[in-house]
J.: 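Below you'll find the structure I mean.
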Amino acid sequence: MCGIAGFTQLSGSVDNVVIRRMTGTLAHRGPDQQGTFASTRTSAHAALGAVRLQVIDLSGGEQPFLSEDRDTVIVYNGEIYNHAELRRELESLGHRFRSDCDTEVALRAFIQWDTECFHRFRGMYSMAIWSDAKERLVLARDRMGIKPLYLTRIGNDLIFGSEMKALFAHPFFGHSNATRRLDKIALQDFLSLNYVPSPRTMVEGITKLPAGHYLEWRRGREEVVPYWQLRFQPDASIRGEEASEQLDHLLRAAVKENLTSDVPLGIWASGGIDSTTLIHYAAELQSRPLKTFSIAFESKSCDESPWFRDVARRYGTEHHEFELNRDSAITDAIEEFSHYSDEPGADAGALPVWFLSKMTREHVTVALSGEGGDELFGGYLTYKADMLARPLRTLPRVLRRAALGTARKLLPVSDAKIGFEYKLKRWLEGSLLDPDEAHLFWNGACTLEQKRALLPSSNGHHLQALFNKLPGADDIGFLNRYLMLDQLFYLQDNLLCKVDRMSMAHSLEVRPPLLDHRIVEFAARLPENLKINGLQQKVILKRTMRGKLPDAILDRRKAGLDIPAHEWFRGPLLPLLRDTLSARAVRNSQLFDPGATESLINAHINRKTNAGYQLWGLLTLFLWLKKWNIEIEPPQTLSGHPAQAYAAAS
């Protein structure tokens with residue numbers, strides 16, 4: 001695992017100090033080696049930099065990696081799991097390797113097949129490849145967006161990096177904060193989604209290279225091309241037995257490839273079906289005891305220790321765990337990881353992932369994780385809420401509003417992470433919204449009404465363009481439409497982004513085997529009843545693992561790695577919240593309404609509502625604005641059609 005950075009320069013010579021400074025901002029991603037390259041033989045120039053975390057071929061593979069004729073050079077972040085298979089094919093075509101690393105495989109594959117090589121790669125990666133003879137730069141990102149790649153344009157030139165801070169180290173962003181300007185449409189999206197969907201970022205002018213795409217730059221002219229796209233083509237003829245056999249084969253193959261490493265490796269264990277599935281196959285494929293890592297909580301609504309301890313005992317793993325509680329220096333951690341996050345994140349699960357990554361890195365360099373299982377196979381409560389709300393919406397609106405009012409009166413606000421009263425009130429309130437808005441709202445985001453109160457300049461959700469990119473429910477199914485939305489945006493721009501930043505802050509490589517594109521494509525072909533059938537979720541995954549995993553794991557309720565946000569914002573996080581969202585800070589932001597913000601905080605403290613997730617989003621936003629000295633334009637009502645928010649992705 002590594003970090004990459006670079007830029008093109010059509011006129012003048014490359015300043016080596018600049019590329020070294022940009023590369024140095026990523027040192028946490030690759031503490032084992034650091035290098036830069038600057039082209040000098042052409043009229044159009046490029047500078048590339050890389051930091052390396054050694055995982056494959058510890059003695060070779062230093063980056064940037066150049067071809068023998070020094071015409072083509074690559075910087076690369078990630079892993080290509082089928083590199084041995086590709087190496088054999090390239091050797092049969094006459095290539096002679098001088099290292100055992102997958103970086104050289106990626107370079108030679110590009111020399112042999114050009115951009116067609118991306119179709120052949122299985123793995124997670126972002127890479128930049130420069131060719132002197134063609135004065136050509138190619139940037140590429142893996143199919144699911146596991147590895148990040150940010151970029152911006154200065155005239156006809158490009159600046160890029162694995163993290164936004166690498167771009168900030170370029171003189172274009174360093175002269176003043178005027179070039180670090182808040183994207184106000186992205187801010188609206190953040191409040192509506194709890195993240196900023198690709199290709200936007202929270203900084204105006206900086207975008208993400210879309211997953212499954214490559215960008216080609218030649219002397220100032222560029223083209224962004226998809227080499228893979230997620231397509232839902234459900235096949236009603238697929239039966240459970242056939243699907244289980246195929247999924248078993250795919251899971252085993254994916255885990256086997258993900259276990260390849262020349263350094264110590266472990267598995268994050270939650271005690272849920274996804275991580276335990278990985279442990280099961282890894283235990284079958286590996287003779288030595290597995291290393292597993294988990295987070296425990298003193299709060300019972302968040303704690304999964306009974307399940308992950310049982311899994312560790314059953315598989316005889318070398319188990320490590322950390323108990324995250326109110327005495328765990330959580331305030332210091334939150335302020336520290338605002339540096340590594342690049343963008344604010346309203347997912348409070350970042351905090352336990354921070355501590356989990358820190359503990360894991362004390363023992364191993366690589367960890368497997370179960371991201372993707374819920375989005376592929378329908379594991380979230382939001383999908384159940386979507387389906388149960390359909391018959392509820394047939395009732396008169398006045399009855400649903402009355403039921404919500406009764407629930408608010410009779411059910412006291414709880415400190416539980418996602419308690420019964422929170423779910424019921426949220427579900428009833430969501431039933432009053434448009435179904436698409438409700439799907440987002442159930443994940444803890446603001447409603448349009450709440451957002452307008454907090455952010456007076458808001459002029460709408462700006463999100464319909466996201467849904468407009470999806471096939472209709474009549475074409476792929478009601479459930480599949482939301483699964484596709486979450487795979488394209490929530491998974492990539494929230495979960496994978498969170499895991500990448502928190503793990504790489506501690507120089508830990510995290511691999512999600514369930515996001516092998518063969519498994520993703522398999523899931524997209526399944527009929528909906530093999531994902532959710534009635535009230536049963538993850539139908540095909542549970543059927544496949546029945547008899548392999550303990551029934552207690554298969555039949556338990558989903559929990560998710562998260563903090564007791566509602567409780568902690570009434571306790572240990574309240575001082576940080578009050579200090580960060582002080583009336584002066586909110587007023588100086590020139591964005592948020594101080595009265596509405598204070599009312600939200602007070603309503604939460606006084607148990608009139610549970611707003612822990614909204615407060616976490618505001619907290620991380622204000623810490624980020626301060627940390628990176630982001631410029632905010634004077635307030636004004638935003639104009640323009642909502643579809644403008646995603647014009648760049650069209």
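Here, residue 1 is the first one in the sequence, and each next residue gets the next number. Please read these numbers as outputs of a predicted model, since none were measured by experiment.
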J.: So, Glu343 side chain and Met202 main chain: donor-acceptor pair closer than 3.5 Å or not?
T.: yes

J.: Taking the side chain as everything from C-beta on, heavy atoms only, tell me whether Ser589 gets closer than 4.5 Å to Phe622.
T.: yes

J.: Which atoms form the tightest heavy-atom contact between Tyr227 and Phe118, and what is the distance?
T.: CE1-O, 3.6 Å

J.: Is there a donor in the side chain of Arg141 and an acceptor in the side chain of Gln492, or the other way round, less than 3.5 Å apart?
T.: yes

J.: Are Trp628 and His339 an aromatic pair, judged by ring center distance below 6.0 Å?
T.: yes

J.: side-chain hydrogen bond (donor to acceptor under 3.5 Å, both in side chains) with Tyr195: which residues, sequence neighbours excluded?
T.: none

J.: How far apart are the closest heavy atoms of Ala5 and Ala166, and which atoms are they?
T.: CB-CB, 4.2 Å

J.: Are Asp500 and Arg29 ion-paired here, with the side-chain N under 4.0 Å from a carboxylate O?
T.: yes

J.: Using a distance-only test with no angle check, is there a side-chain donor-acceptor pair under 3.5 angstrom linking Arg231 and Gln229?
T.: yes

J.: So which pairs with a foot in residues 377-389 pass salt bridge (Lys or Arg N to Asp or Glu O under 4.0 Å), sequence neighbours left out?
T.: none

J.: Taking the side chain as every heavy atom from C-beta outward, state whether Thr115 and Val225 have any pair of such atoms under 4.5 Å apart.
T.: no

J.: For Thr152 and Ile159, indicate whether the former's side chain and the latter's backbone hold a donor-acceptor pair under 3.5 Å.
T.: no

J.: Let me confirm one number: the CG-CZ distance from Leu448 to Phe441, rounded to the nearest 0.5 Å.
T.: 12.0 Å

J.: Determine whether the aromatic ring centres of residues His170 and Phe7 are separated by less than 6.0 angstrom.
T.: yes

J.: Indicate yes or no: at least one non-hydrogen side-chain atom of Leu621 is less than 4.5 angstrom from one of Leu191.
T.: no

J.: Do Asp347 and Asn194 have side chains that get closer than 4.5 Å, going by heavy atoms?
T.: no

J.: For the atom pair CZ (Arg525) and CG (Asn480), what is the distance rounded to the nearest 0.5 Å?
T.: 13.0 Å

J.: For residues Ile295 and Leu561, report the shortest heavy-atom separation together with the two atoms involved.
T.: CB-CD1, 4.1 Å

J.: Say whether Ser192 and Lys451, considering side chains only, have a donor N or O and an acceptor N or O under 3.5 Å apart.
T.: yes

J.: Does some side-chain heavy atom of Leu488 sit less than 4.5 Å from a side-chain heavy atom of Leu470?
T.: yes

J.: Please tell me if the side chains of Arg511 and Val366 come closer than 4.5 Å, counting only heavy atoms from C-beta onward.
T.: yes

J.: Is the NZ atom of Lys558 crowded by more than 12 outside heavy atoms at less than 6.0 Å?
T.: yes

J.: Under a 4.0 Å threshold between the charged nitrogen and the carboxylate oxygen, would Arg180 count as salt-bridged to Glu631?
T.: no

J.: Are Glu79 and Val55 close enough that some pair of their side-chain heavy atoms sits under 4.5 Å apart?
T.: yes

J.: Do side-chain atoms of Asn77 reach the backbone of Cys2 as a donor and acceptor pair under 3.5 angstrom?
T.: yes

J.: Is there a donor-acceptor pair closer than 3.5 Å between any side-chain N or O of Ser458 and the backbone N or O of Arg452?
T.: no

J.: Can you sort out the partners of Leu48 under side-chain contact (heavy atoms from CB on, under 4.5 Å), two or more places apart, ordered by chain and number?
T.: Phe37, Val73, Val75, Ala128, Trp130, Leu137, Phe160

J.: Does the ring center of Trp354 lie less than 6.0 Å from the ring center of Phe337?
T.: yes

J.: Backbone N or O of Phe121 within a donor-acceptor pair of the Arg143 side chain at under 3.5 Å?
T.: yes

J.: Could you work out, with salt bridge (charged side-chain N to carboxylate O under 4.0 Å, His left out) as the rule, every residue matching Arg501, not counting sequence neighbours?
T.: Asp342

J.: Using a 3.5 Å distance criterion without hydrogens, assess whether the side chain of Thr8 forms a donor-acceptor pair with backbone atoms of Leu158.
T.: yes

J.: Identify whether the distance between the nearest side-chain nitrogen and carboxylate oxygen of Glu257 and Arg518 falls below 4.0 Å.
T.: yes

J.: When you compare the side chains of Asn443 and Thr382, does any donor N or O come within less than 3.5 Å of an acceptor on the partner?
T.: no

J.: Going by distance alone, is a donor N or O of one side chain under 3.5 Å from an acceptor N or O of the other, for Ser369 and Glu371?
T.: yes

J.: Could you check Tyr490 against Leu193 for side chain to side chain contact (heavy atoms under 4.5 Å, CB included), going step by step and ending with a plain yes or no?
T.: CA-CA 8 Å; Tyr490 175 74; Leu193 292 166; over 6 Å; no

J.: When rounded to the nearest 0.5 angstrom, what distance separates CG in Leu491 from CG in Leu496?
T.: 4.0 Å

J.: Does Asp593 use its side chain to pair, donor to acceptor, with the backbone of Leu455 at less than 3.5 Å?
T.: no

J.: Tell me every residue that passes salt bridge (charged side-chain N to carboxylate O under 4.0 Å, His left out) with Asp436, counting only those two or more places apart in sequence or in another chain.
T.: Arg481

J.: May I ask you to decide if Leu577's main-chain N or O and Thr580's side chain share a donor-acceptor pair within less than 3.5 Å?
T.: no

J.: How about Trp268 and Thr360: does a side-chain donor come under 3.5 Å of a side-chain acceptor?
T.: yes

J.: Do Trp427 and Leu388 make a side-chain contact, defined as non-hydrogen atoms from C-beta onward lying under 4.5 Å apart?
T.: yes

J.: Do Ser341 side-chain atoms and Pro344 backbone N/O form a donor-acceptor pair below 3.5 Å?
T.: no

J.: Measure from the side-chain N and O atoms of Glu528 to the backbone N and O of Phe478, and report whether any donor-acceptor pair falls under 3.5 Å.
T.: yes

J.: Taking the six-membered ring for Trp, are Tyr380 and Tyr383 parallel (under 30°), tilted (30 to 60°) or perpendicular (over 60°)?
T.: tilted

J.: Does the side chain of Asp142 come under 3.5 Å of the side chain of His517 through a donor N or O and an acceptor N or O?
T.: no

J.: How long is the gap from CZ on Phe293 to CZ on Arg361, to the nearest 0.5 Å?
T.: 11.0 Å

J.: Using a strict cut-off of less than 4.0 Å between a Lys/Arg side-chain nitrogen and an Asp/Glu carboxylate oxygen, indicate whether Arg153 and Glu222 qualify as a salt bridge.
T.: yes

J.: Among all residues two or more places apart in sequence or in another chain, which pass the side-chain hydrogen bond (donor to acceptor under 3.5 Å, both in side chains) test with Tyr81?
T.: Asn258

